[in-house]
Protein chains: 2
Amino acid sequence: MPKQVDHEGRRRQIAEAVCLLADERGLEGVTLRDVAERAQVSMGAVQRCFRTKDEMLNFTLGHVGERVTERVRARLLSSPAQSAGSALGYAATEVALLRAEHRTEARVWLAFVAQAAVSETLAATLRANYAALQGLFADLIAEASGRRSVDGVQPPDAQRAARALLALTDGLTAHVLIGHLTPSEAHGVLHAHLDALWKQPGGAEDRA
Amino acid sequence: MPKQVDHEGRRRQIAEAVCLLADERGLEGVTLRDVAERAQVSMGAVQRCFRTKDEMLNFTLGHVGERVTERVRARLLSSPAQSAGSALGYAATEVALLRAEHRTEARVWLAFVAQAAVSETLAATLRANYAALQGLFADLIAEASGRRSVDGVQPPDAQRAARALLALTDGLTAHVLIGHLTPSEAHGVLHAHLDALWKQPGGAEDRA
DNA sequence: ACGGTTCCGATGCAAGCGCATCGGAAAAAG
DNA sequence: CTTTTTCCGATGCGCTTGCATCGGAACCGT
């Protein structure tokens with residue numbers, strides 16, 4: 001057997017470089033040459049790991065998505081004793097990427113969301129991540145409001161509340177990045193929304 | 001006086017072309033040559049109207065923002081007899097750009113939001129638009145919940161509710177574009193949120 | 001040690017980009 | 001009709017991009 005290389009590891013290493021560059025100059029400013037330089041490899045290596053640039057970006061998106069979802073899960077596991085309500089608060093705060101140290105991830109995420117609007121491949125990867133997060137939210141909401149989910153099926157208003165929460169966190173993230181909101185304003189909005197959730201769990205049902 | 005040309009009109013014409021292209025291929029796919037072709041003018045004309053490409057994009061963003069805000073205002077004026085509550089519903093629905101015929105605007109908007117995260121010039125233009133919409137929302141919310149705004153100053157929870165509503169609409173728009181939500185799901189989420197707004201107007205205050 | 005694989009760094013290439021340039025068309029004023 | 005000023009279409013330039021190519025270095029089983 002000839003030379004062997006940890007391909008998956010290198011892929012992640014390259015994905016990190018893509019993130020750094022996308023954070024600084026946006027997704028448009030990501031070129032193969034710059035990525036290679038940032039990842040401390042040659043362009044040839046990058047081309048070997050990813051057949052095309054799109055493949056590289058798609059992998060990077062998946063990588064970031066995994067990281068965020070993983071962090072949310074870790075946050076939940078590290079504080080299992082509390083109520084489902086406060087757990088949901090923590091999870092939502094993580095997803096909103098409000099903390100300064102996650103600003104990079106937030107910018108990368110936003111860049112990919114915009115790109116996904118015109119790239120079906122990216123959109124598919126993105127949808128998978130959103131579905132996972134929404135399911136997680138829905139579980140927590142159903143549990144916190146007493147009606148336990150059965151076989152992974154939540155009452156429809158829990159699904160809807162989860163959709164709302166996910167959209168809200170995404171919107172808040174974007175508004176913070178643009179500078180329309182400060183992180184603490186966004187934090188306030190998010191938690192006010194969550195508080196409101198418990199005070200009227202089941203009323204007001206109409207429309208699809 | 002020599003030849004005279006409606007510069008502002010041509011600028012708008014070019015901005016429309018930018019929108020069409022951004023809708024199809026994303027903001028990255030917008031080149032001066034393509035814009036010129038789509039706008040039925042020569043590249044020279046485009047260069048005369050906008051000194052640089054960034055200037056062109058910035059103008060286009062302002063143009064789209066104006067159009068959306070204008071449509072929301074028109075929607076409000078066309079149905080002034082109803083309650084502030086239902087007016088807010090209409091306004092929010094417009095902002096969320098859920099209708100299929102506004103999908104183009106939505107994609108353009110999202111593309112600019114992502115770009116603004118790395119371009120202070122675009123971010124400034126965008127902030128102005130968000131501020132206008134948020135103020136509009138806050139007015140309606142304050143009016144609907146009885147506490148009239150005085151001298152354009154709303155109670156803090158109206159401001160916060162407006163921020164939440166704006167972030168929610170933006171998030172929903174993005175999720176619809178990506179295909180994570182259907183338009184009717186987004187519609188349902190939005191109106192459930194609005195309904196919840198009236199049922200508990202002032203409680204749950206903490207954090208900044 | 002050595003042959004066979006796998007890897008990769010350097011280089012080349014065609015295409016496309018934003019922008020600068022400029023000669024001449026177009027139009028009001030005399 | 002001539003002049004003067006504004007406008008713009010065509011063209012060229014320098015640069016960057018993603019990708020293809022390939023000779024040789026690196027490595028492992030034998």
Side-chain angles (χ1 to χ4, degrees), chain A residues 1-61 111-112 114-115 118-122, chain B residues 1-61 111-112 114-115 118-122:
Chain A
M1 290 296 181
K3 194 176 182 180
Q4 206 66 350
V5 161
D6 179 12
H7 262 173
E8 204 56 27
R10 193 190 293 279
R11 283 186 165 212
R12 277 193 287 270
Q13 173 187 358
I14 291 174
E16 294 293 335
V18 172
C19 287
L20 288 180
L21 287 172
D23 173 46
E24 296 167 8
R25 306 178 228 171
L27 256 195
E28 312 189 20
V30 174
T31 73
L32 293 188
R33 285 164 176 77
D34 291 348
V35 168
E37 189 185 359
R38 272 302 245 280
Q40 312 247 42
V41 297
S42 77
M43 245 183 77
V46 176
Q47 288 184 269
R48 173 153 298 266
C49 285
F50 303 103
R51 217 163 322 137
T52 166
K53 188 188 181 184
D54 283 329
E55 190 179 312
M56 179 181 79
L57 293 181
N58 204 357
F59 177 88
T60 303
L61 173 56
F112 273 115
Q115 193 71 12
V118 287
S119 158
E120 182 47 41
T121 318
L122 286 179
Chain B
M1 286 293 187
K3 195 177 183 181
Q4 207 66 352
V5 161
D6 178 12
H7 262 176
E8 204 56 28
R10 194 191 293 279
R11 283 187 163 210
R12 277 193 288 270
Q13 173 187 358
I14 291 174
E16 294 293 335
V18 172
C19 287
L20 288 179
L21 287 172
D23 173 46
E24 296 167 7
R25 306 177 228 172
L27 256 194
E28 313 188 23
V30 174
T31 74
L32 293 187
R33 285 164 176 82
D34 290 348
V35 168
E37 189 186 358
R38 271 304 243 282
Q40 312 246 42
V41 297
S42 77
M43 246 184 75
V46 176
Q47 288 184 270
R48 172 153 297 268
C49 286
F50 303 102
R51 216 161 320 135
T52 168
K53 188 188 181 185
D54 283 328
E55 190 179 312
M56 179 181 79
L57 293 181
N58 205 357
F59 177 88
T60 302
L61 173 56
F112 274 114
Q115 193 71 14
V118 288
S119 158
E120 183 47 41
T121 318
L122 286 179

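Each chain gets a letter, A, B and so on, in the order its sequence line appears, and its residues count up from 1.
- Here the P atom of nucleotide C:dT6 and the NE2 atom of A:His7 are 11 Å apart, to the nearest Å.
- Among the protein residues, B:Val30 comes within range of the sugar-phosphate backbone only, with heavy atoms under 4.0 Å from sugar or phosphate atoms but none that close to a base.
- Rounded to whole Å, the distance from CZ on A:Arg48 to P on D:dC19 is 16 Å.
- Look at CD on B:Glu55: it is 14 Å from C1' on C:dG18, rounded to the nearest Å.
- The nearest whole Å value for the distance from the CZ atom in A:Phe50 to the C1' atom in C:dC7 is 16 Å.
- Distance B:Gln47 CD to C:dC17 P: 14 Å, rounded to the nearest Å.
- The shortest non-hydrogen separation linking B:Leu27 to B:Ala22 is CD2-CB, 4.1 Å.
- Checking D:dC7, C:dG18, D:dC19 against every side-chain atom of A:Leu32, the shortest atom distance belongs to D:dC19.
- Residue B:Asp6 contributes atom CG, which lies 17 Å from atom P of D:dT6 at whole-angstrom precision.
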Compile the donor-acceptor pairs under 3.5 Å between side chains in residues 46-53 of chain B and protein atoms, sequence neighbours left out, one pair per line.
{"unit_1": "B:Thr52", "atom_1": "OG1", "unit_2": "B:Asp54", "atom_2": "N", "d": "3.4"}
{"unit_1": "B:Lys53", "atom_1": "NZ", "unit_2": "B:Val30", "atom_2": "O", "d": "2.9"}

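- Among all heavy-atom pairs drawn from A:Met43 and A:Leu32, the shortest one is CG-O, 4.1 Å.
- Of the residues near DNA chain D, A:Asp34 and B:Val41, the one whose nearest nucleotide (by heavy atom distance) lies more toward the 5' end is B:Val41.
- Rounded to whole Å, the distance from NZ on A:Lys53 to P on D:dT17 is 9 Å.
- Between the CZ atom of B:Arg33 and the P atom of C:dC19 there is a distance of 11 Å, given to the nearest Å.
- In this structure, A:Glu8 and A:Phe59 approach most closely via the heavy-atom pair OE2-CE1, 3.4 Å.
- Distances shorter than 4.0 Å separate some side-chain N or O of B:Thr52 from OP1 or OP2 on C:dC19.
- Residue contacts for A:Arg10: at a heavy-atom cut-off of 4.0 Å it reaches the sugar-phosphate backbone alone, with no base atom in range.
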